[in-house]
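Here is the structure we will look at.
Below, chains carry the letters A, B, ... as their sequence lines are ordered, and counting in each starts from 1.
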Amino acid sequence: MDLDSFYAAVEEKRNPSIAGKPIVICVFSGRSADSGAVATANYKARELGIKAGVPIVAAKRLANEETVFLKNDIEYYRDVSERIMDLIEDECDALEQASVDEAYMDVTKKSSGIWENAEAIAIAIKNKIKEQEGLTCSIGIGPNKLVAKMASKAKKPDGLTVIRQEEVEKFLENLDIRKIHGIGSKTAESLNSLGIKTANQLAASDPLKLEEQFGKNKARLLQEKARGHDESPVEQKETQQISRIGTLKEDTRGQEIIFEKIKELAQGMKRKIEKKKVYFRTVGIIAIDTGLETQTRSETMAETDDINIALLCARHLLEKFLEENPKKRLRRVGIRISNLLYKKEQTSLGDFAQRYFTR
DNA sequence: CGACGTGTAAC
DNA sequence: CCTTTTACACGTCG
């Protein structure tokens with residue numbers, strides 16, 4: 001289940017006076033008035049060529065008079081998302097929230113394995129979300145997560161696509177490899193260089209040729225995907241890492257300036273550490289230079305939940321990084337913790353479901 | 001085998 | 001002129 005242009009749809013719902021206009025939800029970086037990028041655009045805005053990832057300045061050039069630009073309000077979107085996830089939880093055997101606007105649902109038992117029943121469940125879910133939150137979503141139904149995911153993209157917005165087991169082959173036939181979940185621009189280009197453009201070509205290609213290019217593991221994975229095979233269970237996963245990244249007012253290698261930013265970012269991370277109730281063993285910094293190249297440094301230590309220890313560690317890593325890169329100025333910095341250990345006896349519903357289904 | 005850094009991908 | 005957050009795989013090193 002994929003909520004249609006979620007952020008934009010939520011804002012449209014929140015303020016009906018903008019309904020029907022092109023709406024652009026922006027992430028402003030704060031470096032200059034319009035620096036930043038588009039997080040989501042509704043379909044009206046997409047008609048103008050404005051879509052996720054486009055720089056805000058470029059979007060403003062594409063916009064017309066009635067286009068509405070809004071700053072993203074993630075807290076608010078999360079609240080709405082949480083209500084929707086609660087809503088659909090009882091419609092399925094297992095729920096896996098994949099992002100704020102996306103979830104996988106296992107309905108094998110609820111549907112008794114009958115496609116028509118699964119379809120009826122999907123319709124019920126769509127109606128529920130429409131009634132309770134006034135939002136539309138696109139749903140894909142398939143024999144596994146991979147096919148369901150691709151089915152959900154087949155018709156949007158407000159779509160419902162069923163791909164039965166016996167229809168998988170037909171669906172994949174002549175499907176552009178770029179449409180396969182997990183194949184991005186780099187992998188697609190690599191495959192194209194081997195003369196592979198469609199899923200059936202990938203499925204039928206020589207495994208040895210693929211291994212040469214990608215290594216054994218990835219080669220096998222690619223062919224599995226091209227055949228619509230996927231055994232991964234629908235299960236809520238525990239967070240593996242928590243990070244915060246931000247843009248500096250200007251490119252700099254001033255240690256104090258950069259560290260001030262890291263301290264600021266760490267506060268957001270602290271809230272999440274407390275909410276998730278985790279200890280961490282690894283602290284890292286993320287450095288993005290003038291040329292937008294990303295580098296990281298990290299260090300592992302005894303477990304702690306103290307943000308000040310993370311900051312101390314980040315300071316060392318930053319010093320080390322600046323010494324090792326005496327020429328570089330930074331554009332963006334981040335802090336990250338990983339190697340997380342969950343404190344026992346979590347109380348939230350999601351955590352309960354998590355434990356319940358991982359037994 | 002764990003730690004570390006990079007690349008790719010998706011949202 | 002160019003955002004944010006997370007996952008995961010792989011190579012390398014000790």
In the 5'-to-3' direction, what one-character label does each nucleotide of nucleotides 5-10 of chain C receive under the scheme B = base within less than 4.0 Å of a protein heavy atom, S = sugar-phosphate only, - = no such atom? SBBS-S
Which part of the nucleic acid, if any, lies within reach of [X] when heavy atoms closer than 4.0 Å are counted: base, sugar-phosphate only, or nothing?
X         : value
Lys149(A) : sugar-phosphate
Arg31(A)  : nothing
Ser99(A)  : sugar-phosphate
Asp34(A)  : sugar-phosphate
Ile183(A) : sugar-phosphate
Asn72(A)  : nothing

Cation-pi geometry met for Lys277(A) and Tyr342(A) (6.0 Å, 45°): no
Between [X] (side chain only) and [Y] (backbone N and O only), is there a donor and an acceptor less than 3.5 Å apart?
X         : Y         : answer
Lys126(A) : Cys137(A) : yes
Asp4(A)   : Pro157(A) : no
Asn200(A) : Glu173(A) : no
Lys110(A) : Asp90(A)  : yes

Along DNA chain B, first and last positions that approach a heavy atom of chain A under 4.0 Å: dA3(B) to dC11(B)
Give, for atom CG of Leu222(A) and atom OG1 of Thr187(A), the distance between the pair rounded to the nearest 0.5 Å. 6.5 Å
I'd like to know if the side chain of Thr300(A) pairs up with that of Thr282(A) as donor and acceptor (distance under 3.5 Å, no hydrogens or angles considered). yes
Would you say dT4(C) has OP1 or OP2 under 4.0 Å from some side-chain N or O of Thr247(A)? yes
Evaluate the side-chain proximity of Ile309(A) to Met301(A): yes if any heavy-atom separation is below 4.5 Å, no if none is. yes
